[in-house]
Amino acid sequence: MSDLAPHPLHEPILAWYDEHARELPWREPGASAWSVMVSELMLQQTPVARVLPVHAQWLERWPTPADLAAEPTGAAVRAWGRLGYPRRALRLHAAATAIVEHHDGVVPETYVDLIALPGVGDYTAAAIASFAYGRRHVVLDTNVRRVLARTTGGIEFPGTSVTKAERATATALLPLDVPTAATWSVAVMELGALVCTAAGPRCGDCPVADLCAWRAAGHPAYDGPPRKAQTWAGTDRQCRGRLLAVLRDSHAAVPSSRLDAAWADEGQRLRCLASLLEDRLVVRVDAGSYALP
DNA sequence: GATGCGTGGGA
DNA sequence: TTCCCAAGCAT
């Protein structure tokens, strides 16, 4: 390879990945760009283990963007199951529709075309361009940010949002060789997912432990702003989830009495139902019943 | 830049 | 049990 700017982190992490990478369907040599794209949307804030079965079902049922685009959006919401954040299902459907309409049904290759799609932000655009098409992009997800914060920044956790300095570091670290750059990105992500985890780093298994600034400093405790705990019990999110679960589990329109039974607080229930309608995750069938779109 | 958005598994 | 959080995005 023609890596003109090798960094001491490169070889150990690339070698570690070669040895320890998980075999995942969207990493198979024959995996389509669509398979990669579906996986990336599903993996946004959702663990790999829960994505695996749903991803397999989606790819079997909808092998191409056109297959998904041909279905009503409610089919995508239902097939999303319990992955969480069901608006992602709508966005994936909308992205499939846009791909059919503007890209001849083929997942686009460039960052600019990708990030224009619904549900595709900076991370996902860079990930699809890199992992599906082998392009060279800085891929900054929570794993990469944590690994870099520790190895080069000497701190336990990155800040709440990506800083210019952080992006500059990641850019400087990205191998110049194009195919190696894509492998590097997935390798650092994998290291963060399997070894350099948020819960507790396993430095004994880390290929770059002896190069890690945070470890060299004696693992100083995180001293940034408190990471706000996600409240859950009694929130609108929980209420929306309950209401949508009732609709997902029924193929027929659901009378509002069944929604009433799913959430006791009427004011909150009505507010959440209204927001689900606003989000197009639910439609009103008639005066007293609702369904998936 | 801060918020809101689901879910279920592990420590 | 309770808490934390897992490959973010849109507003």
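Chain letters run A, B, ... following the sequence lines, proteins first and then strands; every chain starts at 1.
Residue A:D122 is classed as a sugar-phosphate contact, given heavy-atom separations below 4.0 Å to backbone atoms only. Residue A:V51 is out of contact with every strand shown, counting any heavy-atom pair closer than 4.0 Å. Here A:W26 lies in heavy-atom contact (under 4.0 Å) with a base. Nucleic acid contact class of A:A198 (heavy atoms, under 4.0 Å, all strands): sugar-phosphate only. Within the 4.0 angstrom heavy-atom criterion, only backbone atoms of the sugar-phosphate kind lie near A:R240; the bases stay farther away. Using a 4.0 Å heavy-atom cutoff across all strands shown, A:R271 reaches no nucleic acid atom at all.
Counting atom types as modelled, A:T235 pairs no side-chain N or O with a base atom of B:dG4 as donor and acceptor under 3.5 Å. Scanning atom types as modelled, no donor and acceptor separated by under 3.5 angstrom connect the side chain of A:R237 and the base of B:dT7.
Hydrophobic clustering places A:Y133 together with A:L24 (ILVMFWY residues linked when any side-chain heavy atoms are closer than 4.5 Å, directly or through intermediates). In the hydrophobic clustering of ILVMFWY residues, with side-chain heavy atoms under 4.5 Å counting as a link, A:Y17 and A:L173 come out together.
Ring planes of A:W62 and A:W58: perpendicular class, angle over 60° (limits at 30 and 60°).
Across the protein-nucleic acid pair, A:Y222 atom OH and C:dC4 atom C1' stand 14 Å apart, rounded to whole Å. In this structure, A:R88 places its CZ atom 12 Å from P of C:dA10, rounding to the nearest Å. Taking atom CG of residue A:L41 and atom C1' of nucleotide B:dT7, one finds them 17 Å apart after rounding to whole Å. Distance CG (A:L281) to P (B:dG4): 18 Å, rounded to an integer number of Å. Here C:dA10 presents its P atom at 10 Å from CG of A:L117, a figure rounded to the nearest Å. When the P atom of C:dG8 is taken as reference, atom CD of A:Q44 falls 7 Å away, rounded to whole Å. Per the geometry, CG belonging to A:L92 stands 20 Å off P belonging to C:dA7, to the nearest Å. Rounded to whole Å, the distance from CZ on A:R87 to C1' on B:dT3 is 11 Å.
If A:P118 and A:F131 are placed on DNA chain C by their nearest nucleotide, the residue sitting closer to the 5' end is A:F131. Ranked by how close their nearest DNA chain B nucleotide is to the 5' end, A:G81 and A:R91 are led by A:R91.
A salt bridge does not link A:D249 to A:R258: none of the charged nitrogens lies less than 4.0 Å from a carboxylate oxygen.
Each of B:dG6, B:dC5, C:dA7 was ranked by its minimum atom distance to the side chain of A:T46; first place goes to B:dG6. The A:T124 side chain lies nearest to C:dC9 when the options are C:dC9, C:dA7, B:dG6. Closest to the side chain of A:T160, out of C:dC9, B:dA2, B:dG6, is B:dA2.
Using atom C1' as the reference point in both C:dG8 and B:dG1, the two lie 15 Å apart (nearest Å). Taking atom P on both C:dC9 and B:dG8, the two are 23 Å apart, rounded to the nearest angstrom. Taking atom P on both nucleotides, C:dA7 is separated from B:dA11 by 15 Å, rounded to a whole Å.
Contact check, A:R248 against B:dT7: a side-chain N or O comes under 4.0 Å of OP1 or OP2.
Defined by atom type and a distance below 3.5 Å, a donor-acceptor pair is present between the side-chain atoms of A:D67 and A:T64.
Shown here is A:R280, whose CZ atom has no more than 12 heavy atoms of other residues, nucleotides or ligands within 6.0 Å.
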